[in-house]
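What follows is one structure encoded as structure tokens, with my remarks underneath.
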Amino acid sequence: MREGLLPSTVTTVLELSTSGEQARALTELLGEIFDPTETAISAFEVESGVTTLSLNEPWKVEIYFSSHPDEEAVRDLLRPIVGTVIDGTPFTTVSQQDWVANSLEGLKPVRAGRVLVHGAHDRDTVRINDVAIEIEAALAFGTGHHGTTSGCLLALDAELRKRRPRNAIDVGTGTGILALALAKQIKRKVVAGDIDAVAVEVAARNVRLNNAPQALDLYVAPGLRHAKANRSRRFDLVFANILAGPLRKLAPSIAAVLSDDGVVILSGLLEMDVAGVVSAYRHQGIALARRSSREGWATLVMKRGGAAARPRRLR
């Protein structure tokens, strides 16, 4: 369950108004329990005109199901977090035709630096110097339009103004947007993997759609547990746009494959999760270089130079 890829078929949606703290708890809980190929969650801050982020600011959480769930079981699961408000919150049924139409209607071109993410219906908006990434409308939710993805794209744009990575990897690639955006700009193949075979197939389809057959070196595996990814000190740029919990768990693995001059771009975490993620990477010798926030979601750019890695405990 992550931003960037919905189930290939959506039949049911549950929408909740929450606080930021509840949104974080829901994201972590559902990410641990549900199969990411069958259920997805989106959480974003509601525009309130207040510039200071707060745990009590209004948020909206949307949960997408590929098949109609056991409503009472879901209510029982969410009630400890959101309270009795869940009892009066309806599950909305959508048809596949409605879903595709709604996706197409909501997919507006999104620009992040030189990168333009767009659907087929907006090809005429592409400029000569744009790095254009075209996405199929039915699969486009959250790709470039969510604060985590656009935050990563902007962080990438800033990084590419300084240097060109030699070897890069996108961990939890989803639809492949970040890896494609990078590969198109550096003219080098980018390693990209996901635990979800469906996600990797979607990424492969997007590669073909964008006429970039040599852009990505794809794999299916958890995290970096693959021969293409598990290469000591290999990568000088690492993307990981997932969730706070997995980002913390991946810290040792990412540190192991990061080159001495490497940069890590992380997102998929709420502002209140930043301290925990930064601490996990600092203990691996990777320090925070800069951070940004979009729609209540944080993007972190980190480099080697933090505290020394924790010694491994002998058994």
Side-chain angles (χ1 to χ4, degrees), residues 1-96 98-99 101-103 105-106 140-143 145-151 174 241-248 267-277 293-298:
M1 178 179 297
R2 62 196 176 282
E3 183 276 327
L5 182 68
L6 288 183
S8 55
T9 300
V10 175
T11 66
T12 309
V13 181
L14 177 63
E15 299 183 7
L16 295 166
S17 295
T18 72
S19 67
E21 187 172 25
Q22 289 172 335
R24 176 179 64 175
L26 289 171
T27 300
E28 293 182 348
L29 173 68
L30 299 178
E32 292 289 336
I33 292 177
F34 288 113
D35 184 337
T37 66
E38 298 179 355
T39 310
I41 185 169
S42 172
F44 52 92
E45 190 177 18
V46 177
E47 246 351 287
S48 62
V50 179
T51 57
T52 303
L53 288 172
S54 167
L55 292 178
N56 296 317
E57 286 298 309
W59 280 64
K60 185 176 183 180
V61 174
E62 299 172 340
I63 308 169
Y64 302 85
F65 302 91
S66 63
S67 59
H68 197 84
D70 182 331
E71 294 189 11
E72 285 310 307
V74 174
R75 293 184 199 278
D76 290 342
L77 182 65
L78 304 187
R79 194 176 292 109
I81 297 176
V82 301
T84 57
V85 67
I86 189 63
D87 297 327
T89 303
F91 288 74
T92 303
T93 301
V94 295
S95 70
Q96 182 66 11
D98 289 341
W99 179 248
N102 290 339
S103 296
E105 181 182 354
F141 178 88
T143 51
H145 299 70
H146 191 279
T148 58
T149 310
S150 56
N241 179 18
I242 37 183
L243 294 172
L247 286 178
R248 291 193 296 268
S267 197
L269 62 155
L270 299 173
E271 287 287 340
M272 62 280 288
D273 295 319
V274 169
V277 172
S293 177
R294 293 179 68 84
E295 302 169 15
W297 294 86

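For this chain, numbers begin at 1 and follow the sequence in order.
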Exercise for the section: With sequence neighbours left out, write down each residue that passes salt bridge (Lys or Arg N to Asp or Glu O under 4.0 Å) with Arg248, or none if nothing qualifies. Expected result: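 For Arg248 there are no salt bridge (Lys or Arg N to Asp or Glu O under 4.0 Å) partners, ignoring immediate neighbours.
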Handout entry: Partner residues of Asp87 under the salt bridge (Lys or Arg N to Asp or Glu O under 4.0 Å) criterion, sequence neighbours left out
Key =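 By the salt bridge (Lys or Arg N to Asp or Glu O under 4.0 Å) rule, Asp87 matches Arg79.
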Exercise for the section: Please examine the side chains of Thr93 and His68, heavy atoms only from C-beta on, and report whether any two atoms are closer than 4.5 Å. Expected result: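 A side-chain contact exists here, since the closest heavy-atom pair is under 4.5 Å.
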Can you tell me how far the [atom1] atom of [X] sits from the [atom2] atom of [Y], to the nearest 0.5 Å?
{"X": "Arg24", "Y": "Gln22", "atom1": "CZ", "atom2": "CD", "answer": "11.5 Å"}
{"X": "Leu270", "Y": "Trp297", "atom1": "CG", "atom2": "CH2", "answer": "4.5 Å"}
{"X": "Ile63", "Y": "Leu16", "atom1": "CD1", "atom2": "CG", "answer": "5.5 Å"}
{"X": "Leu78", "Y": "Leu14", "atom1": "CG", "atom2": "CG", "answer": "6.5 Å"}
{"X": "Leu26", "Y": "Glu21", "atom1": "CG", "atom2": "CD", "answer": "11.0 Å"}

Minimum heavy-atom separation for [X] and [Y], please, with both atom names.
{"X": "Val61", "Y": "Thr18", "value": "CG2-OG1, 3.7 Å"}
{"X": "Asp76", "Y": "Pro80", "value": "O-CD, 3.3 Å"}
{"X": "Ser150", "Y": "Arg294", "value": "OG-NE, 2.9 Å"}
{"X": "Trp59", "Y": "Ala23", "value": "CE3-CB, 4.0 Å"}
{"X": "Ser267", "Y": "Ala298", "value": "OG-O, 2.8 Å"}

Exercise for the section: Give a yes or no answer on whether the side chain of Arg75 reaches the backbone of Thr89 with a donor-acceptor pair at less than 3.5 Å. Expected result: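 Yes, the answer is positive, given that a donor and an acceptor are paired below the 3.5 Å cut-off.
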Handout entry: Donor + acceptor pair across side chains of Ser293, Glu271 (<3.5 Å)
Key =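 Yes - a donor-acceptor pair under 3.5 Å links their side chains.
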Exercise for the section: Using the test side-chain contact (heavy atoms from CB on, under 4.5 Å), find all partners of Pro69 that sit at least two apart in sequence or belong to another chain. Expected result: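 Expected list: Thr12, Phe65, Val74, Phe91.
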Problem - Set of side-chain contact (heavy atoms from CB on, under 4.5 Å) partners for Ser17, sequence neighbours left out - result: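 Ser17 satisfies side-chain contact (heavy atoms from CB on, under 4.5 Å) with no residue once adjacent residues are dropped.
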